[in-house]
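In what follows, a structure is listed as structure tokens, so that the remarks can point back to it.
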Amino acid sequence: MAKITAVRCIRTRHDGSWVIVKVMTDQDGLYGIGSASDIYQPGAVVSIIEELLAPVLIGRDAGQIEDLWQTMYTSGYWRNGSTLHTAMGGIDMALWDIKGKEAGMPVYQLLGGAVRSAVPCYAHANGATYGQLEEEVHAFQEQGFGVIRCQLGGYGGGGFVAPQGASKFPPASVFDEASYITAIPDMFEKLRVRFGMNLGFTHDVHEHLTPSGAVSLSRALDPYRLFFVEDLLQSEHTGWYRRVKETSTTPQAVGELFVHPQEWLPLVQERLIDFVRMRVSKAGGITPCRKIAAVCEAFGVRTAWQEGGENDPVNQIAAAHLDMAIMSFGVQEINHFRSEEKEAFPGHAVLEHGHLKLNDKPGLGIDIDEHKAAALVKDQGSLAAYHHPYKLDRKPDGTLIRP
């Protein structure tokens, strides 16, 4: 069996926010790649891989994926953090890539084989006005998408108001909950009149609401039969999903911020949510996500692995391999890449008529052209000074809104 000889990190994209892990072995030409991207703290993820994880992996059998995952999980004693899981997720994907190449099979075959022909995805319509939104929804419908996320601009759009008076705090968009709770049902009423009831719609609240406001919005959305509403509540307030389920029939998609198994597990066991939304890399890779999918299947909950506009083609294809092999699949969030980005990742998943399609190459079926990946970065010297904190909104009184 192949032994791990090195674990390398490759930073790419125009701003250097993508971190691709390359696990090398002692077998000539045999390596695996995975996604450890984190737009807010890529340098921290690289440090975890280089300083903590790589030294405990070198010399180990690359095929012992479960034991290697458990070793990484406890290697820093404290666990269940987003940066650690992202670092682990990138390595875990690379190990599955290696195992598939050794077996001569795509990863989804190792997971039990295909249960669908392609992966249905949902698109993102983000018109700043209702007219723009309607045009985007129509365009995505014409492209073959059966499910479309609808936002009035960015997260919280429909609830932003003009600031009143001087603020003691850094500049931020001002979000008014009452305006939002009125605007979003009105938006979906218009969309249903225009597109009918059969097109699947989703909406991402992005945790902007108070618990009582979240309950009110979900109930107000019931007549419009959404495919799901996403992240209605902050992850600190998931106990309120019991109240939501008691008063609303709108399906709930939850988990973009989850990194700890005790966050999602009670929600699934008690059937308080309908879709699990973790990003594959943030959950720690393919190894834990296939287990999460199995638990979801037992309780009638479906997956909708999180992708996000800042994510990379490697995480996307890892999610798609899971999607191909699990019965609990619901829908896959889509991400679009520029042509030069796709050229740096030969073998990337292909989007056709609202579905992701994989090639049948062994492993994940994707590779990285390191020369083209390096060329994507506008300024290699700027990576050391990288700074991209999450953009926070505030309430009219100046209080921060926790995402």
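For this chain, numbers begin at 1 and follow the sequence in order.
Checked for salt-bridge contact, Arg279 and Glu310 meet the test: a charged N lies under 4.0 Å from a carboxylate O. At a threshold of 4.0 Å, the pair Asp67-Arg60 counts as salt-bridged, since one of the basic side-chain nitrogens sits closer than that to a carboxylate oxygen. A salt bridge does not link Glu340 with Lys372: every distance from a Lys NZ or Arg NE/NH1/NH2 to an Asp or Glu carboxylate oxygen is 4.0 Å or more. A salt bridge is defined here as a Lys NZ or Arg NE, NH1 or NH2 lying under 4.0 Å from an Asp or Glu carboxylate O, and Arg338 with Glu341 meets this definition. Looking at Lys190 and Asp186, no side-chain N of the basic residue comes within less than 4.0 Å of a carboxylate O on the acidic one, giving no salt bridge.
Using cut-offs of 30° and 60° on the angle between ring planes, the pair Tyr390 and His206 is parallel. Relative ring orientation between Phe175 and Phe160 is described as perpendicular, the plane-to-plane angle rising above 60° on a 0-90° scale split at 30° and 60°.
A donor-acceptor pair shorter than 3.5 Å cannot be found between the side chains of Lys282 and Ser82. Between Tyr155 and Asp231, the side chains place no donor N or O within less than 3.5 Å of an acceptor N or O (distance only, hydrogens not considered). Asp393 and His208 are linked by a side-chain donor-acceptor pair at a separation below 3.5 angstrom, with hydrogens and angles left out of the test. Side-chain atoms of Lys357 and Ser117 include no donor-acceptor pair closer than 3.5 Å.
Because its NZ or CZ atom is not both nearer than 6.0 Å to the ring centre of Phe228 and within 45° of the ring axis, Arg302 does not count as a cation-pi partner of that residue. Judged by a 6.0 Å distance limit and a 45° cone about the ring axis, Arg79 is positioned over the six-membered ring of Tyr73. Relative to the ring axis of Tyr31, Lys22 places its NZ or CZ within 45° and under 6.0 Å from the centre.
Each of Gln151, Glu333, His336 was evaluated against His124; a single residue qualifies, Glu333, per the side chain to side chain donor-acceptor pair (under 3.5 Å) test.
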Applying side chain to side chain donor-acceptor pair (under 3.5 Å), run through Glu263 and Ser235 and close with a yes or a no. CA-CA 8 Å; Glu263 293 175 293; Ser235 56; 4.7 Å; no
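Taking both residues in full, the closest heavy atoms of Glu50 and Pro55 are given as O-CD, 3.6 Å, listed atom of the first, atom of the second, then distance.
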